[in-house]
Amino acid sequence: MLDMKIVRQDPEKIQKMLRDRYVEFDLDSLLDLDKKRREYILSTDDLRKKKNEMSLKIAETKKAGQDADKIIQEMQLVSRQLTELEETQNKTELEYSKLILTLPNIFDQTVPIGEDSSANKEVKKWGDIPKFDFQVSDHIDITQKLNLVDLQRAAKTAGARFYYLRGDLVKLNQSLIQFALDFLDDKGFTLFQPPYMINKKSMEGAIIAEDFKDVIYKIDDEDLYLIGTAEHAMASMYADEILDGASFPMRCAAISPCFRKEAGAHGKDQKGIFRVHQFEKVEQFVFSRPEDSWKEHEKMIAITEEFFQKLEIPYRVMLLSSGDMGKISAKTYDLETWMPGQNAYRETASCSNCLEYQARRLKIRFRDRTNEDTKYVNTLNSTLVATERTMVAIIENFQTKDGHIEIPKQLQKYVGKKMI
RNA sequence: GCGGGGAUCGCCUAGCUUGGUAGGGCGUAGGAUUGCUAAUCCUAUGUUCGCAAGAACUCGUGGGUUCAAAUCCCUCUCCCCGCGCCA
């Protein structure tokens, strides 16, 4: 959520942002609702003042043992008026908050302007693309031959985009998780295992409404939603709290499964475990002071890069364009790993600075002394490793001529072998 | 799941029986006073609208009763104690 003061002061800037993000948004309606809303606040406040004064008078009159019937009658009228006015005000308030919650974040000036991923800017490339002296297979082929993934039976028991991992691939998955947690633990991150389901209020704070229907699974008859990423549970963890300024930066590492509908992805990456309804992810989540958040952002992408370097997987870092990035983010880097089976770099990690946008939705504030004004914290999130997709990269980059998979050196001690 | 108890300002707490301006303490900040290693006193302290003055809101949530609700009634959530169930 943006500060409405900024929107009021500079609607041109917001209009430009909306154009550059290629987002349809009725800014005039928002400005109109904001105006109405403030007018209603003034008039209801006025009426409440009147009511408070009369209430006091009634109490005094009664205490003095006098007849208060006349004032009570007047008060009845005022009360009725107030109830009516409050009803219209509530309606406006509701419309206003619904609308402002869908207004995207202002993005950073370093973000390239463009409609889609074609405008993304490559900022870094690391590692050599492996050359194979044999016909390269994709991860589906390799895992089918080694019997490491059962997609057919998963389709039977759960549906498309589900999978049974089998045998050593289960071990590889756990190894990636364990290695990732050790890696972040060593860097001083606090480890978390969050709730995998959170309530509506928390989810609404963490994401933008339209993501609900395309991404988020709801539990029937409960006020619970399966998290699409640990970010959702981590961001809402400190909702409605005023934190101590001395506790920043709070660098958190969260391990969780992620559940996603992938409703808008029909036909895309249909096979294998590249795009699935559930996967495991170790996430970096940082609560930061506003003045430090850009520094933290660079640090987070550097940490994710270091992790993939340790895994010896070639990658490039893309700075996402205004039209391609998420609506709550002010700046997003994607780390794309080389996938020989697809002969392309594919998104494997994503690192965003949301500035105070997410914290404003969730009312996460801080101050250094109790009598200071509160300020909104900045929130940042980045994938350290999404294990299923990273395993695709490992399987394809580390495939051998005889159809096996070498295990990256760093993971060998965790898996307990050098080859699958 | 059943029975009992609870939720008040950053923290602790009074008020609820009997409806009528939510009081105190701690902490923190600013100020004053006294000067034997510190103490005492004053003021401020959450949210919204506002340049400000100010006003309104705030007693877990949402309803209801009433001229008026922290207080009475109902719903839900969470916490504590006991019982039941259970990896």
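The shown structure was predicted, so the numbers you read here are calculated from the model rather than taken from an experiment. So you know, we letter chains A, B, ... as the sequences are listed, proteins then strands, and number each from 1.
Of the candidate nucleotides rG20(B), rG10(B), rC49(B), rG10(B) has the atom lying nearest to any side-chain atom of R367(A). The side chain of L56(A) has rU21(B) as its nearest neighbour among rG20(B), rU21(B), rG46(B).
Between R21(A) and S329(A), the closest heavy-atom pair is NH2-O, 2.7 Å. Listed here is the closest heavy atom pair of M1(A) and R361(A): N-CG, 3.3 Å.
Nucleotide rU47(B) holds its P atom 17 Å from the CG atom of L362(A), rounded to whole Å. For the pair D45(A) CG and rC49(B) P, the computed distance is 11 Å after rounding to whole Å. Put simply, CZ on R360(A) is 12 Å from P on rU47(B), counting in whole angstrom units. K375(A) has its NZ atom 13 Å from the P atom of rU47(B), to the nearest Å. Following rounding to the nearest Å, I198(A) (CD1) and rC78(B) (P) show an atom-to-atom distance of 15 Å. When the P atom of rG60(B) is taken as reference, atom CD of E241(A) falls 17 Å away, rounded to whole Å. One can place NZ of K5(A) at 9 Å from C1' of rC49(B), the figure rounded to the nearest angstrom. Summarising the geometry, the separation between CG on D3(A) and P on rC49(B) is reported as 9 Å, rounded to the nearest angstrom.
A gap of 43 Å separates the P atoms of rG19(B) and rA29(B), to the nearest Å. Comparing the P positions of rG6(B) and rA14(B) gives a spacing of 12 Å, expressed to the nearest Å. Taking atom P on both rC12(B) and rU21(B), the two are 26 Å apart, rounded to the nearest angstrom. With both ends at atom C1', the span from rG4(B) to rU8(B) equals 22 Å, rounded to whole Å. When the C1' atom is used for both rC16(B) and rC72(B), the distance is 10 Å, rounded to whole Å. Here the separation of rU13(B) from rA68(B), taken at their C1' atoms, is 27 Å to the nearest Å. When the P atom is compared between rU75(B) and rG64(B), the two are found 15 Å apart, to the nearest whole Å. Taking atom P on both rC74(B) and rU65(B), the two are 15 Å apart, rounded to the nearest angstrom.
One finds a side-chain N or O of N52(A) lying less than 4.0 angstrom from the OP1 or OP2 phosphate oxygen of rC57(B). For rU47(B), the OP1/OP2 oxygens have a side-chain nitrogen or oxygen of T374(A) closer than 4.0 Å. Of the side-chain N and O atoms in R48(A), none sit less than 4.0 angstrom from OP1 or OP2 of rA55(B).
Ring geometry for F183(A) versus F179(A): interplanar angle of 30 to 60°, hence tilted.
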Hey, can you pull the donor-acceptor pairs under 3.5 Å for the side chains in residues 143-151 of chain A, sequence neighbours left out?
{"unit_1": "T143(A)", "atom_1": "OG1", "unit_2": "H139(A)", "atom_2": "O", "d": "2.6"}
{"unit_1": "T143(A)", "atom_1": "OG1", "unit_2": "I140(A)", "atom_2": "O", "d": "3.1"}
{"unit_1": "Q144(A)", "atom_1": "NE2", "unit_2": "V149(A)", "atom_2": "O", "d": "3.3"}
{"unit_1": "N147(A)", "atom_1": "OD1", "unit_2": "R166(A)", "atom_2": "NE", "d": "3.3"}
{"unit_1": "D150(A)", "atom_1": "OD1", "unit_2": "Q152(A)", "atom_2": "N", "d": "3.3"}
{"unit_1": "D150(A)", "atom_1": "OD1", "unit_2": "R153(A)", "atom_2": "N", "d": "3.0"}
{"unit_1": "D150(A)", "atom_1": "OD2", "unit_2": "R153(A)", "atom_2": "NH1", "d": "2.8"}

Residues 36-43 of chain A, side-chain donor-acceptor partners within the protein, below 3.5 Å, at least two apart:
{"unit_1": "R37(A)", "atom_1": "NE", "unit_2": "E93(A)", "atom_2": "OE1", "d": "3.3"}
{"unit_1": "R37(A)", "atom_1": "NE", "unit_2": "E93(A)", "atom_2": "OE2", "d": "2.7"}
{"unit_1": "R37(A)", "atom_1": "NH2", "unit_2": "E93(A)", "atom_2": "OE2", "d": "3.3"}
{"unit_1": "R38(A)", "atom_1": "NH2", "unit_2": "D34(A)", "atom_2": "OD2", "d": "3.4"}
{"unit_1": "S43(A)", "atom_1": "OG", "unit_2": "E39(A)", "atom_2": "O", "d": "3.1"}
{"unit_1": "S43(A)", "atom_1": "OG", "unit_2": "Y40(A)", "atom_2": "O", "d": "3.3"}

Side chains of residues 187-194 of chain A: which donor-acceptor pairs under 3.5 Å do they make with residues two or more places apart or in other chains?
{"unit_1": "K187(A)", "atom_1": "NZ", "unit_2": "E306(A)", "atom_2": "OE1", "d": "3.0"}
{"unit_1": "K187(A)", "atom_1": "NZ", "unit_2": "E306(A)", "atom_2": "OE2", "d": "3.4"}
{"unit_1": "Q193(A)", "atom_1": "NE2", "unit_2": "Y196(A)", "atom_2": "OH", "d": "2.9"}

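In RNA chain B, runs of at least 3 stacked Watson-Crick or G-U pairs (N1-N3 plus N6-O4 or O6-N4, or N1-O2 plus O6-N3, all under 3.5 Å) give these stems: B:1-7 with B:77-83, B:10-13 with B:23-26, B:27-33 with B:39-45, B:46-49 with B:54-57, B:62-64 with B:72-74.
Rounding to the nearest 0.5 Å places CD1 of I216(A) at 9.5 Å from OH of Y225(A). Rounding to the nearest 0.5 Å gives a distance of 14.0 Å between CG of L101(A) and NZ of K327(A).
A residue-by-residue look at M4(A) and K62(A) shows that K62(A) has its nearest nucleotide of RNA chain B further toward the 5' end. Summary of the strand contacts: I41(A) and D46(A) both lie near RNA chain B, and taking for each the nucleotide with the nearest heavy atom, the more 5' one is attributed to I41(A).
Sorted by first then second residue, the side-chain hydrogen bond (donor to acceptor under 3.5 Å, both in side chains) pairs that include residues 76-87 of chain A, not counting sequence neighbours, are R48(A)-E86(A).
Stacking of R389(A) on the aromatic ring of F274(A) is recorded, both the 6.0 Å distance cut-off and the 45° axial limit being met.
Side-chain contact check for S256(A) and E283(A): no donor-acceptor pair (N or O, by modelled atom type) lies under 3.5 Å.
Only M75(A), Q76(A), S79(A), listed by number, bring a heavy atom of residues 73-102 of chain A to less than 4.0 angstrom from any atom of RNA chain B.
Counting non-hydrogen atoms under 4.0 angstrom, I58(A) reaches a base of the nucleic acid.
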